Amino acid sequence: MFAVGGIASNAYFGYSCDNGQTWTAISNTIGQSLYSAAFDADTNLLYLVGDTGEAWVYDGSVLSEITSNVNAGSVDLLTVAASGGHVIIGAANGKTYENFTADDLASGYTAYTLSSN
């Protein structure tokens, strides 16, 4: 179980192995507000998104920035979903950023504009 949230350098993310009885904080070097997280059980990667286009992935020991891979600019990334190596990030600019090979952390994301149809 993971928890994420908070503002700028006070943003927190951590995990619990006992259904929330105790929590272990993961060292946060992001320095931006965190809005959402998603764990992909198929790849064992935790994706985090937040302020000004910041995106990160945690593999259980290393926190890696993937902001340039997502390439959303300075727009806030509001939500993330991940499953089977497929990651979808929703942004405040009405776009989604998707990657079907997200377990390859060097791969880029494709931007799609949401329609109202």
Side-chain angles (χ1 to χ4, degrees):
M1 164 182 300
F2 292 94
V4 60
I7 298 171
S9 62
N10 293 326
Y12 173 87
F13 70 103
Y15 64 91
S16 174
C17 295
D18 57 9
N19 294 317
Q21 296 293 320
T22 59
W23 289 90
T24 300
I26 299 168
S27 179
N28 180 5
T29 58
I30 295 173
Q32 296 288 337
S33 298
L34 298 174
Y35 297 138
S36 185
F39 181 72
D40 185 341
D42 295 316
T43 62
N44 289 319
L45 296 172
L46 174 69
Y47 294 88
L48 303 128
V49 298
D51 239 359
T52 62
E54 293 277 336
W56 297 78
V57 64
Y58 182 69
D59 68 2
S61 60
V62 176
L63 180 65
S64 302
E65 185 172 7
I66 57 170
T67 301
S68 62
N69 303 66
V70 176
N71 196 26
S74 62
V75 65
D76 290 346
L77 302 177
L78 303 176
T79 188
V80 60
S83 178
H86 180 198
V87 177
I88 302 172
I89 298 171
N93 62 357
K95 292 184 178 182
T96 62
Y97 297 85
E98 299 185 31
N99 188 326
F100 288 91
T101 59
D103 53 340
D104 172 7
L105 300 181
S107 62
Y109 285 64
T110 302
Y112 297 96
T113 301
L114 300 175
S115 71
S116 57
N117 296 340

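Numbers here simply count residues along the sequence, with the first being 1. Model, not experiment: these values are computed from the prediction.
Taking hydrophobic clusters as Ile, Leu, Val, Met, Phe, Trp and Tyr residues chained together by side-chain heavy-atom distances below 4.5 Å, Leu45 does not share a cluster with Leu48. Side-chain heavy atoms closer than 4.5 Å link hydrophobic residues (I, L, V, M, F, W, Y) into clusters, and following such links, even through other members, never connects Val49 to Leu46.
Smallest separation of non-hydrogen atoms from Ala81 and Ala38: CA-CB, 3.9 Å. Contact record, Leu105 with Ile66: O-CG2, 4.2 Å, taken as the closest heavy-atom pair.
Once rounded to the nearest 0.5 Å, the distance linking OG1 of Thr43 with CG of Asp104 reads 11.5 Å.
Every residue meeting the side chain to side chain contact (heavy atoms under 4.5 Å, CB included) condition with Thr79, not counting sequence neighbours, appears here in chain and number order: Ser36. Qualifying side chain to side chain donor-acceptor pair (under 3.5 Å) partners for Ser16, counting only residues two or more places apart in sequence or in other chains: Asp18. Residues meeting the side chain to side chain contact (heavy atoms under 4.5 Å, CB included) test with Glu65, sequence neighbours left out: Glu54, Trp56, Thr67. For Ser61, the side chain to side chain donor-acceptor pair (under 3.5 Å) test picks out Asp59, with sequence neighbours left out. Partners of Asn71 by side chain to side chain contact (heavy atoms under 4.5 Å, CB included), not counting sequence neighbours: none found. The ring-ring contact (aromatic ring centres under 6.0 Å, His included) test applied to Phe39 returns Phe2, not counting sequence neighbours. For Ser83, the side chain to side chain contact (heavy atoms under 4.5 Å, CB included) criterion is met by Asp42, not counting sequence neighbours. Among residues two or more places apart in sequence or in another chain, the side chain to side chain donor-acceptor pair (under 3.5 Å) test is passed with Asn19 by none. Here Asp76 pairs with nothing under the side chain to side chain donor-acceptor pair (under 3.5 Å) rule; sequence neighbours left out.
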Go through the steps for Thr110 and Asn99 under the test side chain to side chain contact (heavy atoms under 4.5 Å, CB included), then give the verdict. CA-CA 6 Å; Thr110 302; Asn99 188 326; over 6 Å; no

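The side-chain heavy atoms of Leu77 and Thr52, taken from C-beta on, include no pair separated by under 4.5 Å.
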Anything under 3.5 Å between a donor and an acceptor, one on a side chain of residues 84-97, the other on a protein residue two or more places apart or in another chain? List them.
{"unit_1": "His86", "atom_1": "NE2", "unit_2": "Glu98", "atom_2": "OE1", "d": "3.4"}
{"unit_1": "Asn93", "atom_1": "OD1", "unit_2": "Lys95", "atom_2": "N", "d": "3.1"}
{"unit_1": "Asn93", "atom_1": "ND2", "unit_2": "Tyr97", "atom_2": "OH", "d": "3.0"}
{"unit_1": "Thr96", "atom_1": "OG1", "unit_2": "Glu98", "atom_2": "OE2", "d": "3.4"}

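Side-chain atoms of Ser107 come within 3.5 Å of backbone atoms of Thr101 as a donor-acceptor pair (strictly under, hydrogens ignored).
Side-chain contact, Tyr47 with Asp40: no donor N or O sits under 3.5 Å from an acceptor N or O.
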